[in-house]
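The basis for the numbers below is simple: all heavy atoms, side chains too, and nothing from hydrogens, waters or symmetry mates. Chain naming here is simple, since letters A, B, ... match the order of the sequence lines and numbering starts at 1 in each.
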Amino acid sequence: MNKKEIAEILEEMAVLLELKDENPFKIRAFQNGARAVEGIEEDIEKLSEQKKLTEIPGIGNHLATLITELIQIGFSKDHQQLKKSFPEGVLKMLSIQGLGPKKVKVLYQKLKLKTVEELEEACKQHKLLKVEGFGEKTEINILKGIEYLKKSKDSHLFPEALDEAHAYMDYLSKSSHTQRISIAGSLRRHKETIRDIDLLISSSNPKEVIKTFVSYPLVNRILAEGETKSAVILKSRINVDLRVVTDTEYPFALHYFTGSKEHNTHLRSIAKDKGLKLNEYGLFKGKKSLPCKTEEDLFKTLGLSYIEPELREDVGEIDAAQKNKLPKKLVEFKDIRGAFHNHTTYSDGAATLEQMVHKAQSMGFEFIGISDHSKAAYYANGLKPDRVKKQWKEIDVLNSKLKNFKILKGTEVDILPDGTLDFEDELLAQFDFVIASVHSKFNMTEKDMTKRITTALKNKYVTMVGHPTGHLFFMREGYPVNLHTLVDVAKDYGKSVELNANPHRFDVDWRMCKYAKSKSVPISINPDAHKTEGIEDIQYGVGIARKGWLEPKDVLTTWPLKDIMKFLKSYR
DNA sequence: GCCGTTTTCGGCCCGACTGTTTTCAGTCG
């Protein structure tokens with residue numbers, strides 16, 4: 001059992017303990033334990049063997065035994081026991097906004113509600129009004145929460161889908177019948193969340209390929225198994241569609257199945273204008289298909305420059321391709337030289353300052369910005385000025401030892417409801433950079449929230465706004481804010497805008513990247529890392545940036561360090 | 001349940017908001 005799975009079990013146990021009304025500090029110990037496990041840098045199985053688990057802060061004797069049990073026999077008796085106390089659907093109710101363990105417990109015990117569906121029905125019939133502590137508003141909010149849950153039900157975070165797709169492709173590539181293979185669909189276009197995985201294979205023996213496809217060990221259910229088309233659901237609950245075509249058809253099919261639908265429709269009309277017909281099997285002049293070996297050939301034949309998959313959303317890319325006005329070279333991961341917005345154990349990160357630095361160095365970076373939370377972020381162990389200064393000292397010492405690498409002193413300072421910041425200007429002035437973020441009082445009108453955030457951005461020491469909308473995929477909607485106004489203010493005050501690369505966030509999204517680019521506002525692709533691996537999320541942020549038409553020059557974190565330092569001084 | 005150079009017992013991060021209530025419990029971050 002790996003770190004992630006162990007952490008998930010500890011997390012679930014914490015939830016179950018909450019439902020059982022256990023000692024809150026015991027619950028927190030499980031939550032801390034889960035986070036500690038996730039943050040472990042070494043091999044957890046080895047640590048368990050060597051009985052060194054208790055050396056990790058947050059893991060004591062009991063949790064160490066439990067983790068060892070999980071590693072050795074794959075389950076824990078304590079966990080199984082706890083799980084028996086509540087039906088599974090009751091746990092699901094907890095993912096509804098505004099419903100916590102206390103209320104869920106009451107609903108389960110008083111109204112005998114066991115699933116989200118039963119809860120929804122009960123709300124509609126106003127059965128909750130009978131229960132003390134529940135009112136009309138609560139019912140409405142629960143229904144809203146259920147609606148939101150349903151909307152995001154069948155979607156998956158980008159990296160989860162990508163990992164599944166790569167593993168499946170590795171497996172399929174081994175078949176001698178597979179000629180060319182590719183990811184298609186929204187995953188190839190790097191949409192922010194993924195509903196299903198589309199795979200395309202060229203082969204002269206489609207039957208065999210399909211047979212191999214449905215025999216994949218991680219398949220949970222086969223939905224369709226035809227001559228050239230198959231669909232399955234994986235154990236991870238992701239749907240995967242496969243199409244098998246001939247190698248001649250492959251480039252056309254790849255384009256077709258990559259989409260988007262709107263892009264395809266538009267491109268077909270371009271073909272039609274030229275007296276051609278385009279579909280997934282070819283580009284036809286009369287009955288004769290024009291030869292194309294690759295997608296590049298296809299675009300060329302239509303008189304267009306090559307359109308990268310990320311751009312195919314029919315938001316002007318076809319027009320630009322006709323006029324040869326597409327970005328010359330979209331940003332790539334290898335262009336990235338460093339990252340702002342990283343947390344350490346000083347606040348709510350799992351890795352120490354030094355571990356984060358080493359990770360950044362191992363990724364070939366030239367700098368890393370450290371931005372732990374400010375004091376208002378109690379829940380995240382936010383820093384008071386004295387601890388900020390302690391961290392600065394540690395950074396100074398490390399910097400003096402480092403060659404060709406620099407740690408930048410930063411903070412993720414809370415934006416208070418009135419738009420002022422959680423640190424005094426006098427302190428802010430001493431940071432190399434300042435990220436200002438909203439972490440509280442989300443419930444404001446768009447006008448007030450926009451005022452609040454732009455006021456913060458206008459502060460002469462603030463470099464950028466962190467995760468500007470605050471949304472979390474599948475968990476909560478963002479607070480209302482006018483992003484165009486925000487970008488305009490960034491433009492006027494010479495600031496940057498964050499593209500938070502955490503796959504739960506992708507905030508701002510690619511649409512706003514495009515707008516920022518049009519205003520020459522540099523985008524910072526930031527990992528918002530809370531552990532060393534978190535820094536790797538930058539690669540997904542790069543995908544979103546590409547989708548937003550960004551080239552290296554548009555991305556602050558690709559600039560040479562001396563230019564970045566110049567930028568950080570320019571707006572003060 | 002975890003932790004510890006004031007402590008092996010007794011703390012453990014807490015303020016704001018919401019919706020329900022008339023003084024507060026539950027939820028969230």
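Remark: A/Asp448 engages no residue in a salt bridge (Lys or Arg N to Asp or Glu O under 4.0 Å) (not counting sequence neighbours). For the salt bridge (Lys or Arg N to Asp or Glu O under 4.0 Å) test, no residue two or more places apart in sequence or in another chain qualifies with A/Asp372. A/Glu310 meets the salt bridge (Lys or Arg N to Asp or Glu O under 4.0 Å) test with A/Arg546; sequence neighbours excluded. Residues forming a salt bridge (Lys or Arg N to Asp or Glu O under 4.0 Å) with A/Glu536 (at least two apart in sequence, or on another chain): A/Lys359.
For A/Asn61, no side-chain nitrogen or oxygen approaches OP1 or OP2 of B/dG1 to under 4.0 Å.
Screening residues 134-145 of chain A for side-chain hydrogen bond (donor to acceptor under 3.5 Å, both in side chains), with sequence neighbours left out, gives A/His126-A/Glu139. Every pair tested for salt bridge (Lys or Arg N to Asp or Glu O under 4.0 Å) that includes a residue from residues 423-439 of chain A fails, sequence neighbours excluded, so the list is empty. Counting only residues at least two apart or in different chains, ring pair (Phe, Tyr, Trp, His ring centres under 6.0 Å) contacts with residues 73-116 of chain A comprise A/Phe86-A/Tyr108.
Across the interface with DNA chain B, nearest-nucleotide mapping of A/Gly60 and A/Lys441 shows A/Gly60 to be the residue nearer the 5′ end.
Contacts between residues 133-143 of chain A and DNA chain B, counted as heavy-atom distances below 4.0 Å, involve A/Gly133, A/Phe134, A/Gly135, A/Glu136, A/Lys137, A/Thr138, A/Asn141. Against DNA chain B, the stretch residues 18-29 of chain A makes heavy-atom approaches under 4.0 Å through A/Asn23, A/Phe25, A/Lys26, A/Arg28, A/Ala29.
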Taking only distance into account, with no hydrogens and no angle test, what donor-acceptor pairs under 3.5 Å do side-chain atoms of residues 460-468 of chain A form with protein atoms, sequence neighbours excluded?
{"residue": "A/Thr463", "atom": "OG1", "partner": "A/Val434", "partner atom": "N", "Å": "2.8"}
{"residue": "A/Thr463", "atom": "OG1", "partner": "A/Val434", "partner atom": "O", "Å": "3.3"}
{"residue": "A/Thr463", "atom": "OG1", "partner": "A/Tyr571", "partner atom": "OH", "Å": "2.7"}
{"residue": "A/His467", "atom": "NE2", "partner": "A/Glu412", "partner atom": "OE2", "Å": "3.2"}
{"residue": "A/His467", "atom": "NE2", "partner": "A/His439", "partner atom": "NE2", "Å": "3.4"}

Enumerate donor-acceptor pairs with a distance under 3.5 Å from any side-chain N or O in residues 500-509 of chain A to protein atoms, sequence neighbours excluded.
{"residue": "A/Asn500", "atom": "OD1", "partner": "A/Asn502", "partner atom": "N", "Å": "3.1"}
{"residue": "A/Asn500", "atom": "ND2", "partner": "A/Glu498", "partner atom": "OE2", "Å": "3.0"}
{"residue": "A/Asn500", "atom": "ND2", "partner": "A/Asp528", "partner atom": "OD2", "Å": "3.0"}
{"residue": "A/Asn502", "atom": "OD1", "partner": "A/His504", "partner atom": "N", "Å": "2.8"}
{"residue": "A/Asp507", "atom": "OD1", "partner": "A/Thr469", "partner atom": "N", "Å": "3.1"}
{"residue": "A/Asp507", "atom": "OD1", "partner": "A/Thr469", "partner atom": "OG1", "Å": "3.2"}
{"residue": "A/Asp507", "atom": "OD2", "partner": "A/Thr469", "partner atom": "N", "Å": "3.0"}
{"residue": "A/Asp507", "atom": "OD2", "partner": "A/Thr469", "partner atom": "OG1", "Å": "3.1"}
{"residue": "A/Asp507", "atom": "OD2", "partner": "A/Gly470", "partner atom": "N", "Å": "2.9"}
{"residue": "A/Asp509", "atom": "OD1", "partner": "A/Arg511", "partner atom": "N", "Å": "3.1"}
{"residue": "A/Asp509", "atom": "OD1", "partner": "A/Met512", "partner atom": "N", "Å": "3.2"}
{"residue": "A/Asp509", "atom": "OD2", "partner": "A/Arg511", "partner atom": "NH1", "Å": "2.5"}

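Looking at the side chain of A/Pro57, the nearest of the listed nucleotides B/dC3, B/dG1, B/dT18 is B/dC3.
For the pair A/Met444 CE and B/dC17 P, the computed distance is 10 Å after rounding to whole Å. The CD1-P distance, from A/Ile59 to B/dC2, rounds to 9 Å in whole Å. Atoms CG (A/Leu66) and C1' (B/dG1) sit 11 Å apart, rounded to a whole Å.
Using a 30° and 60° split on the angle between ring planes, A/His343 and A/His373 fall in the parallel class, below 30°.
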* Verify side-chain hydrogen bond (donor to acceptor under 3.5 Å, both in side chains) between A/Gln430 and A/Trp392, making sure each step is shown before the conclusion. => CA-CA 10 Å; A/Gln430 299 176 64; A/Trp392 286 349; over 6 Å; no
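Residue-level contact check: A/Ile56 touches the backbone only, with heavy atoms under 4.0 Å from sugar-phosphate atoms and none from bases. Residue-level contact check: A/Pro417 touches neither bases nor backbone, having no heavy atom under 4.0 Å from any strand.
Comparing the same atom, C1', in B/dC3 and in B/dT7 gives a spacing of 10 Å after rounding to whole Å.
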* Asked: How would nucleotides 24-29 of chain B be written as a contact map, 5' to 3', with B for base contact, S for sugar-phosphate-only contact and - for no contact, using protein heavy atoms under 4.0 Å?
  -> --SSSB
